[in-house]
Amino acid sequence: MHKFLICMNIQELSEQEQIRRKSLEDLRNLGINPYPAAEYKTNVFAQDILDNFSQEKNNFQDVCLAGRIMSRRIMGNASFAELMDSSGRVQIYLRRDDICPGEDKTMYNTVFKHLLDIGDIIGVKGHVFKTQMGETTVHVREFTILCKSIHPLPIVKEKDGKMYDAVTDHEMRYRQRYIDLIVNPRVRDVFRKRTQIVQSMRELFNSRGYLEVETPILQPIPGGATARPFITHHNTLDIPLYLRIANELYLKRLIVGGYEGVYEFSKDFRNEGMDRTHNPEFTVMEIYIAYKDYNWMMTFTEEIIKKAVLDLHGKTEITYGEKVINLNPPYKRISMLDSIRENTGVDIMGMDEAGLRKVCERFEIEHDPTMGKGKLIDSIFKEKCEFTLVQPTFIIDYPAETSPLTKMHRTKPGLTERFELFINCKEIANAYSELNDPIDQMERFQDQLRLSEKGDDEAMFIDLDFVKALEVGMPPTSGMGMGIDRLTMLLTDQPSIQDVLLFPQMKSIIQKAVLESQKEEYLGLGIPEEWIDPLKKLGYTTVSKLKEVEKAGKLANDLNGYNKKNKLGLTGLSPEAVGKWLK
RNA sequence: GAUUUAGUAGCUCAGCUGGUAGAGCACAUCCCUUUUAAGGAUGGGGUCCUGGGUUCGAAUCCCAGCUAGAUCACCA
């Protein structure tokens with residue numbers, strides 16, 4: 001464990017932070033613990049009050065709730081504030097003489113009005129009423145400080161759905177997600193929906209009797225996909241291990257083992273570029289079901305998506321940005337070659353590598369000599385077809401070269417029984433009739449090896465134990481993987497994968513350790529104690545840096561300037577006096 | 001990795017044809033007994049991202065770096 005020494009010089013805190021720390025002290029001096037230990041029993045949530053309070057019923061007359069103060073409007077002897085809990089915000093109303101029925105008005109005049117701030121967490125007891133303006137409000141008779149916040153929050157105000165001063169800075173939103181979640185309620189909602197999506201899928205799978213499993217994240221061979229992995233090292237075994245790029249080969253081993261349906265929500269890791277749709281760690285749902293083929297899986301995929309969107313929105317039509325997308329099945333099914341023909345007018349059926357290169361040249365699609373047939377076709381498809389696939393579409397029957405784990409097509413030579421589901425021009429799911437012929441599988445792995453020798457650095461690793469599992473015998477199986485992050489983006493209308501990951505990967509900010517000389521070293525040079533801090537502030541954090549100073553006059557000038565600017569009230573320094581320090 | 005835009009108060013941003021740092025909200029003090037992005041008065045608060053350069057003088061111009069966003073490349 002590294003140990004960081006953090007010097008919290010009170011002068012480095014902003015004025016607002018200093019004031020809050022002072023309030024903390026004042027609370028303690030009044031005998032109030034700003035961080036109490038005891039359980040605080042609430043009996044209601046804010047949203048519940050807003051939804052269900054009625055003046056006729058006169059309900060909610062003895063409520064207790066807890067939350068964060070999000071705004072305050074303090075008047076003379078009465079105040080309004082907004083309290084936010086996990087469900088939402090409700091207005092609270094405090095009157096001095098309710099809070100303080102006796103002579104001592106400290107709890108209202110001092111504690112509430114002066115020592116509490118926006119961001120503090122309090123619990124309140126009281127009854128619900130409607131103000132003259134018609135807003136449902138909790139009339140507080142007693143409040144308890146549950147947590148003092150000493151870091152000022154951004155103030156976001158809202159009227160008629162319009163946000164004022166909303167926190168939009170991505171860096172703050174992602175690095176300090178806790179602040180984002182506090183001040184942007186819609187962000188909290190996105191992550192609730194993400195969990196609902198996962199829950200919806202899990203319910204469907206469990207109702208079919210499929211088994212949720214966990215497979216290794218640390219793998220000796222990063223198989224099941226083609227991507228550059230993260231590598232790590234196990235000390236005791238003294239072997240390299242990889243963070244999984246996929247879990248496919250493990251789930252298929254479980255089908256060999258006798259389960260008929262297995263699935264996993266799997267965090268996978270790929271050591272590649274980052275952009276709006278890629279994060280180094282991401283979540284994929286993979287499911288494998290015995291005795292099914294990819295046709296069955298297409299229908300099942302439609303069912304999964306339809307259930308998720310209905311559970312989330314209650315309808316199948318969604319909007320993503322400007323686009324309206326209807327997720328009601330059945331989805332269009334078209335073979336990859338037909339899709340290319342529709343969009344280019346060229347039939348590449350049976351075309352050899354040289355012919356495909358000519359097609360690429362004709363449409364000015366980038367290609368290079370390391371690319372085989374499969375990759376060339378893939379490039380043409382990406383360039384000419386993908387952008388047309390806004391409404392959900394199954395692209396089926398992929399070339400064998402880029403599908404080394406897929407069963408050959410039952411009737412179309414050179415192609416495999418594979419589909420990808422595209423929605424909003426993005427790949428959402430990928431599925432096969434799984435290759436279960438061990439001899440064929442071994443040959444496909446060896447083809448991959450040849451591709452990697454040809455210079456394709458994305459070719460697959462060979463997993464011999466997986467081949468052995470196929471030798472034992474895997475029933476005909478269909479498997480499907482679905483990108484949970486991208487599906488969530490789609491169903492919550494978010495533009496970036498970072499907006500559906502609570503803690504997206506960010507470049508860490510390296511804080512340089514600043515070497516500082518001890519106070520005694522400065523004193524030893526004849527420097528008065530009161531000038532040490534200003535010197536450090538001006539960058540002379542070590543006495544050796546002082547030795548490099550050439551002009552004593554300039555340093556004296558800088559110090560006097562600092563003194564004046566910060567109103568330290570120190571007696572000015574002469575260049576001669578400073579010159580003596582430097583000798 | 002390439003191109004490009006941005007980084008100024010706690011937050012949102014203005015200032016950028018170089019000449020002493022600004023606004024709104026927030027904060028502090030005061031007035032106000034049901035207010036609504038409350039109002040009024042006064043006040044405090046800044047390493048203008050970092051480091052160089054040009055200049056009498058740089059938030060502003062130039063170069064480099066850091067961080068972030070966008071586009072592209074990479075990533076089936």
Side-chain angles (χ1 to χ4, degrees), chain A residues 12-20 22-23 70-82 91-98 113-114 117-119 129-135 137 139 149-175 179 183 225-228 245-246 270-280 282 336 366 371 374-375 377-379 381-382 386 395 398-399 401-406 418 420 427 430 456-460 495-496 498 504 506-512 537-539 562 565-567:
Chain A
E12 288 173 16
L13 296 172
S14 74
E15 187 190 35
Q16 289 189 44
E17 288 171 300
Q18 290 181 44
I19 288 165
R20 288 188 177 213
K22 174 72 164 45
S23 300
M70 295 305 287
S71 71
R72 298 197 305 161
R73 296 181 280 280
I74 292 181
M75 295 168 291
N77 294 329
S79 300
F80 289 89
E82 267 185 305
Q91 176 165 273
I92 59 174
Y93 172 63
L94 292 89
R95 257 194 346 208
R96 186 185 64 194
D97 296 336
D98 297 328
K113 277 171 78 170
H114 292 107
D117 292 286
I118 289 172
F129 74 109
K130 263 200 204 311
T131 64
Q132 290 175 357
M133 300 298 291
E135 179 151 350
T137 301
H139 189 138
S149 165
I150 60 171
H151 190 91
L153 277 177
I155 306 300
V156 179
K157 294 188 175 179
E158 189 182 345
K159 191 185 186 186
D160 301 331
K162 191 181 174 191
M163 305 289 278
Y164 295 82
D165 298 337
V167 175
T168 52
D169 178 48
H170 291 87
E171 194 163 357
M172 186 202 265
R173 289 193 44 222
Y174 302 147
R175 284 191 199 278
I179 289 178
V183 301
T226 53
R228 277 176 293 170
I245 56 174
R270 297 188 184 177
N271 203 343
E272 286 163 353
M274 293 163 62
D275 60 33
R276 250 197 314 184
T277 52
H278 296 83
N279 191 68
F282 59 102
M336 190 178 221
E366 277 189 52
M371 290 164 87
K375 282 213 159 186
I377 294 172
D378 208 56
S379 294
F381 176 77
K382 276 198 162 171
E386 266 192 24
I395 299 294
Y398 282 63
E401 289 87 346
T402 49
S403 312
L405 303 168
T406 314
R418 170 180 180 181
E420 288 190 358
E427 178 199 334
N430 180 16
D456 184 345
D457 61 357
E458 296 151 9
M460 256 182 213
S496 165
Q498 297 176 112
M506 301 288 278
K507 192 155 185 170
S508 56
I509 297 170
I510 298 156
Q511 290 188 333
K512 282 183 199 159
K537 281 286 186 306
L538 289 172
Y562 183 88
K565 189 177 175 191
N566 292 286
K567 302 189 175 82

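Below, chains carry the letters A, B, ... as their sequence lines are ordered, and counting in each starts from 1.
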Would you mind telling me which of [options] lies closest to the side-chain atoms of [X]?
X: P152(A); options: U12(B), U35(B), G10(B); result: G10(B)
X: T131(A); options: G44(B), C11(B), U36(B); result: U36(B)
X: I155(A); options: C27(B), U34(B), C25(B); result: C25(B)
X: R175(A); options: C30(B), U34(B), A68(B); result: A68(B)
X: D169(A); options: U71(B), U36(B), U12(B); result: U12(B)

Looking at [X], does any N or O in its side chain come under 4.0 Å of the phosphate oxygens OP1/OP2 on [N]?
X: Q498(A); N: G69(B); value: yes
X: Y164(A); N: C25(B); value: no
X: R276(A); N: U71(B); value: yes
X: R73(A); N: U35(B); value: no

Q | Spacing between K507(A) atom NZ and C49(B) atom C1', to the nearest angstrom | A |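 Distance check: K507(A) NZ to C49(B) C1' gives 15 Å.
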### Task
Calculate the interatomic distance between H170(A) atom NE2 and G7(B) atom P; express it in whole Å.
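Going from NE2 in H170(A) over to P in G7(B) covers 16 Å.
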Could a donor-acceptor pair under 3.5 angstrom be found where the side chain of [X] meets the base of [N]?
X: D117(A); N: C27(B); answer: no
X: Q91(A); N: U35(B); answer: yes
X: E171(A); N: U67(B); answer: no

In Watson-Crick or G-U wobble terms, both distances under 3.5 Å, what is the partner of [N]?
N: A38(B); answer: none
N: U33(B); answer: none
N: A73(B); answer: none
N: G45(B); answer: none
N: C56(B); answer: G19(B)
N: A9(B); answer: none

Exercise. Is it true that K382(A) and E386(A) make a salt bridge, defined as a side-chain N closer than 4.0 Å to a carboxylate O?
Worked result: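 Judged by the 4.0 Å cut-off on N to carboxylate O distance, K382(A) and E386(A) do not form a salt bridge.
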Item checked: R173(A)/E171(A) salt bridge by N-O under 4.0 Å criterion ->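 Looking at E171(A) and R173(A), the cut-off is not met.
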Check: Does the pair E401(A) and K375(A) meet the rule for a side-chain contact (heavy atoms from CB on, under 4.5 Å), with working shown?
Finding: CA-CA 8 Å; E401(A) 289 87 346; K375(A) 282 213 159 186; over 6 Å; no
Report which part of the nucleic acid I74(A) touches: base, sugar-phosphate, or nothing (heavy-atom distance under 4.0 Å, all strands).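 The residue I74(A) makes base contact.
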_Using a heavy-atom cut-off of 4.0 Å across all strands, would you classify H151(A) as base, sugar-phosphate, or nothing?_
nothing
Problem set entry | Pair R418(A), T406(A): side-chain N/O donor-acceptor within cut-off below 3.5 Å |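 There is no such pair between these side chains.
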Exercise. Is there a donor-acceptor pair under 3.5 Å between the side chain of D169(A) and the backbone N or O of M172(A)?
Worked result: yes
| message | Could you tell me how far G19(B) sits from U60(B) if I compare only their C1' atoms? Round to whole Å. | response |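 These two C1' atoms come out 11 Å apart once rounded.
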Any heavy-atom pair between the side chains of D117(A) and R20(A) that's under 4.5 Å?
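The answer is yes, as the side chains (C-beta and beyond) meet within the 4.5 Å cut-off.
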